[in-house]
Amino acid sequence: MSTLTLHLPDGSTRELPAGSRAIDLARAIGRRLGQDALAATVNDVLCDLATELHDGDRVSIVTPASEEGRDVLRHSTAHVMAQAVTRLWPGAHFAIGPAIDDGFYYDFRLPGGARFSDEDLTRIDEEMRRIIAEDQPFVREEHSYEDGLALFADQPFKVEIISGVREGRGGEDESEVSGSVVSSYRNTESFRDLCRGPHVPSTGRLGHFALMRVAGAYWRGDEKREQLQRVYGTAWESAAALAQHLEFLEEAARRDHRILGRDLDLFSFPSELGPGLSVFHPRGGTIRRVIEEYSRSRHVAADYEFVYSPHITKSVLFETSGHLDWFSDDMYPPMELDEGQAYYLKPMNCPFHVLIFKARQRSFRELPLRLFEFGSVYRYEKSGAVHGLTRVRGMTQDDAHIFCTRGQMRDELAGLLTFVLDLLRDFGLNDFYLELSTRPEGKAVGSDEDWKVAEATLAEVAAAAGIETVLDEGGGAFYGPKISVQARDAIGRTHQLSTIQLDFQLPARFEAEYVSSENQRERPVMIHRALFGSVERFIAILVEHYAGNFPTWMAPEQVRVLGVRDDHDEYVHEVRRRLRAAGLRAVADDAHEPLGARIRRAKIEKVPYILVVGDDDVRANTVGVNSRGSDTPERGVDVDEFIARLSDEVARHGSPELSRGA
RNA sequence: GCCGGUGUGGCGCAGUUGGCAGCGCAGGCGAUUUGUAAUCGUCAGGUCGGGGGUUCGAAUCCCUCCACCGGCACCA
């Protein structure tokens, strides 16, 4: 056959001479595409532009400004980095270097146990730019298993990868080795890397990258194995895209809740308390109280019962629950009391709620029984894990456990998911996807049958919710699978928020029972759920989502009242008194400073409304309104009208009746 | 826990080859009386993360511990 018929993504076909490669197709389609092309997808497989095409192939050309294109150029940039490092540190061993979100990394072992310093990043960067200027080709070569081992004989990590695949370990689809064929990419006579590809045609196509940081990383992610030196970089298709990403990182840094928490006087981590232990200051405390009160009101409306449990318990509770078997290393060590009785600080609330369920005989008529508690828990997080309010050693969960029959669980879960999403939307989060986490192999308890039913039920409910759902294989808890709600924040980052877990195990371990309509003792199903996760972490996410500009209903201080001169102070306090009488959080600033300075301070403190009052206002019973985010103040607003306006704004965001579906 | 980095008034920073710990903001006090993002002056505030060592002398050099930051691992 002398011509090939190729199918393009738009449904059209194109004829090319036999023996044509993907790059020939790109050039045939257009000169510009020929120049832009980085790789191709042939019959849904990503591959090099040099790939030879066959009659009937479905081909699309991969260009830089696409997910696949960025992946290819990031992965190729990682290879360039590996070459740069081996040039600078002859004898360096390199392990793996994949593309990741926003960039790439590569793991190295330097000769003599040397470590990268920050200055080394600059040297590596410069060397990489030299390699890019040399415009070295990426040449794919395939070798036999034995030749592959010989080629990489001086690279022990590569040898391990090659032989590992051969021995059937880690034969996943991302492998560089398939069957007996080992593929590599060669840039120069002296540098090649084991790789499945694809890569850009030559290093000259790269260059919009920045090396970010060096970090330690365990070989193969296993903490029992050697720790390597990992260099992270970011890489993009254009200088503009790179600049935009760096700007995004700066924006994220400006929103950092640890910084804003201090600047806005919300919370702190006194070193006297220890790592991961926070205190909430009055302003942060107000935000927290508003959030908690709102959550309570929504839970009341959804037929939850409110319960309370102590912070410590005898060990038997966590022996029965099984948590001591799994998590004792992550719990605060026990205190020995009463002749050797061990008491533990509680790391979670569920066993307490089971005891409340078991406190008396339960009838099917009581189910579903929904027990809610803002439960403070303590977990001995490893020292390297604590992070601001998002990973702490003491936190409060908005925790509830729902006891229901097997027949009820599907509807209960479906209703719960709606409840969760509604509540999160009320806090201004509205871009979600779900994650379905299944049985963790090797660390799960319970029968296969129970797990199957639980996973299937959750999958069904997730599907019915009509929200994008991704599978998290093996990510469930030891006692059951879970759905977690992932929320995207104002700058597009995702945070795992609510988790909903289905559990057949704890009721069995505690021998929880209810009496059915047939007068039989039956075992209830338990649903664990936390909507905020931890209140502390939720607040951290909201601080960053809003960049500290909390909506008025949550703002610690809603209004600040300033007089133009101090002889307006009496009226200032009068206005403040009326605002507070209307239930608004108002503060007067009567410091003897110029108005501009006091306005500036209020703006920096992100107060939603600044009221300025002067002679005209005293005379007319009005205020000047300077709203956050607006640079044109309103003058002469009637005080009662302002109060009504603000009360309405707060009520619309903060009441269950109005916010639900409104 | 592991790898790397950083610790100087509340915050942000400066501090030469080891030689009297400084600046700005914030804070107190006084003056100023201001219509929409910084009035002026003045005062106070530090065991330079803790401990040990070297030295005539340490914020500075060495050891060690702690905390924090970035990752890894972990995350009921």
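Numbers restart at 1 for each chain; the letters A, B, ... are given by sequence-line order, proteins then strands.
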Note to self: Side chain of A215(A) only, heavy atoms from C-beta on: which candidate in G27(B), U34(B), G70(B) is closest?
What the structure shows: G70(B)

Check: Can you tell which of G71(B), U32(B), G12(B) lies closest to the side chain of R262(A)?
Finding: G12(B)

Check: Among A76(B), A73(B), C72(B), which nucleotide sits nearest the side chain of A217(A)?
Finding: C72(B)

Notebook entry, point to check: Are R645(A) and E641(A) close enough for a salt bridge, meaning some N to O gap below 4.0 Å?
Noted result: yes

Next item on the list: Would you mind pulling out the nucleotide paired to A59(B), Watson-Crick or G-U wobble, both distances under 3.5 Å?
Entry: none

Check: Does G1(B) have a Watson-Crick or wobble mate here (both distances under 3.5 Å), and if so which one?
Finding: C72(B)

Item checked: Nucleotide nearest K382(A) when distance is taken to its side chain, options C74(B), G70(B), U34(B) -> C74(B)

Notebook entry, point to check: Thinking salt bridges, do R635(A) and D616(A) make one under a 4.0 Å N-O criterion?
Noted result: yes

Margin query: Measure CG/D107(A) against P/A73(B) and give the value in whole Å, please.
Written below: 10 Å

Item checked: Polar pair under 3.5 Å, donor/acceptor by atom type, side chain D615(A), base G35(B) -> no

Note to self: Nearest to the P594(A) side chain among U39(B), G27(B), A76(B), which nucleotide is it?
What the structure shows: U39(B)

Next item on the list: Round to the nearest Å and state the distance from D118(A) atom CG to G70(B) atom C1'.
Entry: 10 Å

Item checked: Carboxylate-amine/guanidinium proximity below 4.0 Å for E381(A) and R391(A) -> yes

Notebook entry, point to check: Base, sugar-phosphate, or nothing: which does D617(A) touch, judged by heavy atoms less than 4.0 Å apart?
Noted result: base

Notebook entry, point to check: Mapping F327(A) and Q227(A) onto RNA chain B by nearest heavy atom, which one lands closer to the 5' end?
Noted result: Q227(A)

Notebook entry, point to check: Between the side-chain atoms of R115(A) and the base atoms of C3(B), is any donor-acceptor pair under 3.5 Å?
Noted result: no

Checklist line | Between G41(B) and A67(B) - P atom distance, rounded Å | finding: 44 Å

Note to self: Taking any heavy-atom pair under 4.0 Å as a contact, classify Q501(A): base, sugar-phosphate, or nothing.
What the structure shows: sugar-phosphate

Notebook entry, point to check: Any donor-acceptor pair under 3.5 Å between the side chain of Y380(A) and the base of G1(B)?
Noted result: no

Next item on the list: Look at R493(A) together with E251(A) and state whether they make a salt bridge at an N to O cut-off of under 4.0 Å.
Entry: no

Check: S271(A) near the nucleic acid: base, sugar-phosphate alone, or nothing, with a heavy-atom cut-off under 4.0 Å?
Finding: nothing

Item checked: G-U wobble or Watson-Crick pairing nucleotide for G27(B) (cut-off 3.5 Å, both distances) -> C43(B)

Next item on the list: Using Watson-Crick or G-U wobble geometry with both distances below 3.5 Å, tell me the partner of U6(B), or none.
Entry: A67(B)

Next item on the list: May I ask you to decide whether E455(A) forms a salt bridge with K482(A), counting only side-chain N to carboxylate O separations under 4.0 Å?
Entry: no

Check: Can you tell which of U39(B), U36(B), G70(B) lies closest to the side chain of R213(A)?
Finding: G70(B)

Check: In whole Å, what is the span from the CZ atom of F478(A) to the C1' atom of C75(B)?
Finding: 13 Å

Item checked: D222(A) CG - C2(B) P separation (whole Å) -> 16 Å

Item checked: Shortest side-chain distance from L595(A), nucleotide among U33(B), U36(B), G70(B) -> U36(B)

